[in-house]
Amino acid sequence: MGDGYVSHVSVGVGGYGNALYIHHPEGYTSVYCHLKKFTPQIAAMVRKWQYAHRSFSGMMKFRPTDLPIAKGQLIAVSGNSGASQAPHLHLEIHDSKTWNMYDPLDFLGHLVKDGLPPMAHGFMACPVQGEGSFCGGSAKQTYGFGSHQLTRKFFAWGKVGFGIWANDYMEITYNRYGVRKTELFVDDRNVFSSDVNNIPVQGNMMVNAWGDYEHFLRYNVWYMRSYIQPGVTLPCLKADANRGIVNFNEERDYHLTYVLTDFKGNVSKYGFTVTGKRAPFAVQTRMPVSRNMLYVSRPNNFQLPGLQLTTPSGYVADDLELKPQVTRRPGAVSDAYRLMPVSCPMFSYGKLSLRVKRPVKDPSKLYIVSRMGTNRYMGGVYHAGWVTGRARDLGATYELDYDDQAPLVNAVSLSQVLTVGMSDSGSGLAGYKAYLDGQFILFEEVPKSPWVRCDLEEAPVKKTGQMRQLKFVASDRCGNQRVFTTQIKY
């Protein structure tokens, strides 16, 4: 990417596995994630930090003079560490001051061959509930782009939002890419545009709301909205005073055109005609039950018997009516709660408190678990009969669990290369430390396995040929510890 210095290295943080952060004097930072290994100079500095902090995982900060980098210098080998499904390089470019995310192709585009314009596969019509209809219906409808200019005439009345399913492609790969710039014109008037660049990291979860997440869950296809919902504040989205929603209030033809542009400037256009045709639509008469609402523009405090969820304003894309389900759990520590019937992630974590139904031996061992595919630890602080943690996906099931069992530890190999296995079926592993005759030694995670490993030749201990005591301590998130000790010859 250019000259700079290694400002950070993260190991085992946030699913990135082994990651390098290089600060460049031009004001941006390049981030390389899921790496297999660092070059020896960087690895030595990482190892020094790990021993100083007695931890394998962590975010490690370095001074500009510690690890200077020249353009073209080898810094690491790409891999599959962290939350990665296959070997690859995950590259991010951030503004060093704001940490906003840039399009990496703005920096690497000169190395990429791309003469293909983006391709649209279909559009979606989304009548505003109680205020519009499309082709006689009030539900969302999708239509394919069989050509760049559809000859079929559609008809609508009232307020309708639109979305588009489109991808960008390049000649030398089979990959699908997002479209850099999308514009929607109605009779040559720009009503919506998106330019996917300079996005705040705190807006990451808003991409779920920019896309039609409900449709994606059902069909595995992303239709990106060409209108802006009230709670979506992504700066890469621009719209007219109606937030991109088209008001068909005249009986005439409206000519809609999508203009799609990739980072190389390749352009494609797709158009269709919608005729304004006066038609009745079902006016919404029933107001949602206010006590079950999460509102965009104000803080929320939602309560059920045994549950309380609080969020600041701006955590959802639009005012949302919750549809809570409570499953009674006789004899359990709490009942189980689900606030939406399908996955529905908020933009950040809300504060969730659940009431304890029965006494337990040690309340500090209680925690909130989220169940949706896999079980996730969501924190747990006990106070006055309630346990408080966090929640993000309203479609997950939340309940209390109790964990007073220490993790399991077993020796896999006790030769010069020590290998130890760990597992925890409750709150999950929080960390581990190991000592040889009381001196700290570093065990490294073995990717995609429950094992950790230490090569004693790389540890700061001398080989004596004598029997030595190995002590390995594993902890879970509820503070339970397992101490494993054995004798080894080294």
Side-chain angles (χ1 to χ4, degrees), residues 117-135 137-145 147-150 152-168 178-199 203 206-213 215 222-262 265 267-279 281 296 317-318:
M119 178 182 297
H121 308 291
F123 77 89
M124 173 184 284
C126 309
V128 176
Q129 187 176 10
E131 299 185 59
S133 68
F134 192 85
C135 289
S138 59
K140 291 185 291 190
Q141 302 162 49
T142 59
Y143 301 89
F145 275 118
S147 63
H148 283 261
Q149 185 65 46
L150 299 182
R152 172 180 175 177
K153 276 197 173 184
F154 304 92
F155 61 92
W157 192 250
K159 297 178 180 180
V160 181
F162 290 88
I164 188 167
W165 170 25
N167 296 108
D168 191 26
V179 178
R180 171 63 186 264
K181 189 174 182 181
T182 301
E183 299 171 284
L184 175 60
F185 292 86
V186 178
D187 297 331
D188 297 324
R189 180 174 61 89
N190 186 299
V191 300
F192 172 87
S193 64
S194 65
D195 188 354
V196 188
N197 192 36
N198 200 22
I199 301 174
M206 287 187 183
V207 175
N208 288 333
W210 175 18
D212 192 312
Y213 186 61
H215 190 275
W222 277 111
Y223 277 88
M224 307 306 290
R225 302 179 200 271
S226 304
Y227 59 96
I228 304 175
Q229 293 179 291
V232 175
T233 58
L234 289 170
C236 64
L237 307 182
K238 307 293 182 184
D240 63 6
N242 296 320
R243 295 184 289 108
I245 294 172
V246 183
N247 190 4
F248 297 95
N249 56 4
E250 299 178 15
E251 293 188 305
R252 63 174 178 85
D253 285 349
Y254 294 75
H255 302 285
L256 279 71
T257 303
Y258 272 104
V259 180
L260 310 177
T261 309
D262 66 16
V267 178
S268 58
K269 296 182 179 181
Y270 292 84
F272 54 97
T273 299
V274 179
T275 301
K277 184 177 179 181
R278 192 177 299 274
F281 43 78
V296 173
D318 206 344

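Basis for what follows: all heavy atoms, side chains included, without hydrogens, waters or symmetry-related copies.
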Heavy-atom closest pair (Ala120 atom, Leu260 atom, distance to 0.1 Å) is CB-CD1, 3.9 Å
Point-to-point distance, once rounded to the nearest 0.5 Å, from CG of Asn190 to CG of Leu184: 7.5 Å
Side-chain touch Leu237/Met206, heavy atoms, less than 4.5 angstrom: no
Is it the case that atom NZ in Lys140 sees more than 12 heavy atoms from other parts of the structure closer than 6.0 Å? yes
To the nearest 0.5 Å, what is the distance between NZ on Lys181 and CG on Asn197? 11.5 Å
One should read off an interatomic distance between Lys269 NZ and Glu183 CD, to the nearest 0.5 angstrom, of 9.5 Å
Please lay out, stage by stage, how Trp210 and Val196 fare under the test side chain to side chain contact (heavy atoms under 4.5 Å, CB included). CA-CA 12 Å; Trp210 175 18; Val196 188; 3.8 Å; yes
Please determine whether ring pair (Phe, Tyr, Trp, His ring centres under 6.0 Å) holds for the pair Phe154 and Phe248, giving the CA-CA distance in whole Å, both sets of side-chain angles, and the decisive distance to 0.1 Å. CA-CA 12 Å; Phe154 304 92; Phe248 297 95; over 10 Å; no
State the OG-CZ distance between Ser226 and Phe185, to the nearest 0.5 angstrom. 12.0 Å
Quick check: do Tyr143 and Cys135 have side-chain heavy atoms less than 4.5 Å from each other? yes
Is there a donor-acceptor pair closer than 3.5 Å between any side-chain N or O of Asp240 and the backbone N or O of Asn242? yes
Do Arg278 side-chain atoms and Trp157 backbone N/O form a donor-acceptor pair below 3.5 Å? no
Out of curiosity, Asp188 CG to Thr257 OG1, how far, rounded to the nearest 0.5 Å? 7.0 Å
Can you name the closest pair of heavy atoms from Tyr254 and Asn249 and give their distance? OH-N, 3.3 Å
Pick one: which of Asp195, Asp262, Asp168 meets salt bridge (Lys or Arg N to Asp or Glu O under 4.0 Å) with Arg180? Asp195
Within this structure, what is the CZ-CG distance for the pair Arg189 and Leu256, rounded to the nearest 0.5 Å? 10.0 Å
Side chains of Arg225 and Val232, heavy atoms from C-beta outward: is any pair under 4.5 Å? no
Kindly indicate whether the side chain of Met124, heavy atoms from C-beta on, has any atom under 4.5 Å from the side chain of Asp212. yes
Pairwise side-chain contact, His215 with Thr142, heavy-atom cut-off 4.5 Å (strictly under): yes
For residues Ser268 and Pro118, report the shortest heavy-atom separation together with the two atoms involved. OG-O, 2.7 Å
Which heavy atom in Ala139 sits nearest to a heavy atom in Pro127, and how many Å separate them? O-CD, 3.5 Å
For Asp187 and His255, indicate whether the former's side chain and the latter's backbone hold a donor-acceptor pair under 3.5 Å. yes
Should the ring pair Phe145 and Phe272 be called parallel, tilted or perpendicular, given that the plane angle runs from 0 to 90° and is split at 30 and 60? tilted
Of Tyr223, Phe134, Phe192, the residue whose pairing with Phe162 passes side chain to side chain contact (heavy atoms under 4.5 Å, CB included): Phe134
Carboxylate-amine/guanidinium proximity below 4.0 Å for Lys153 and Asp253: yes
Considering all heavy atoms of both residues, which atom of Val160 and which atom of Ser133 are nearest to each other, and what is their separation? CG2-O, 3.8 Å
Quick check: closest heavy atoms across Ile245 and Gly161, and the distance to 0.1 Å? CG2-N, 4.3 Å
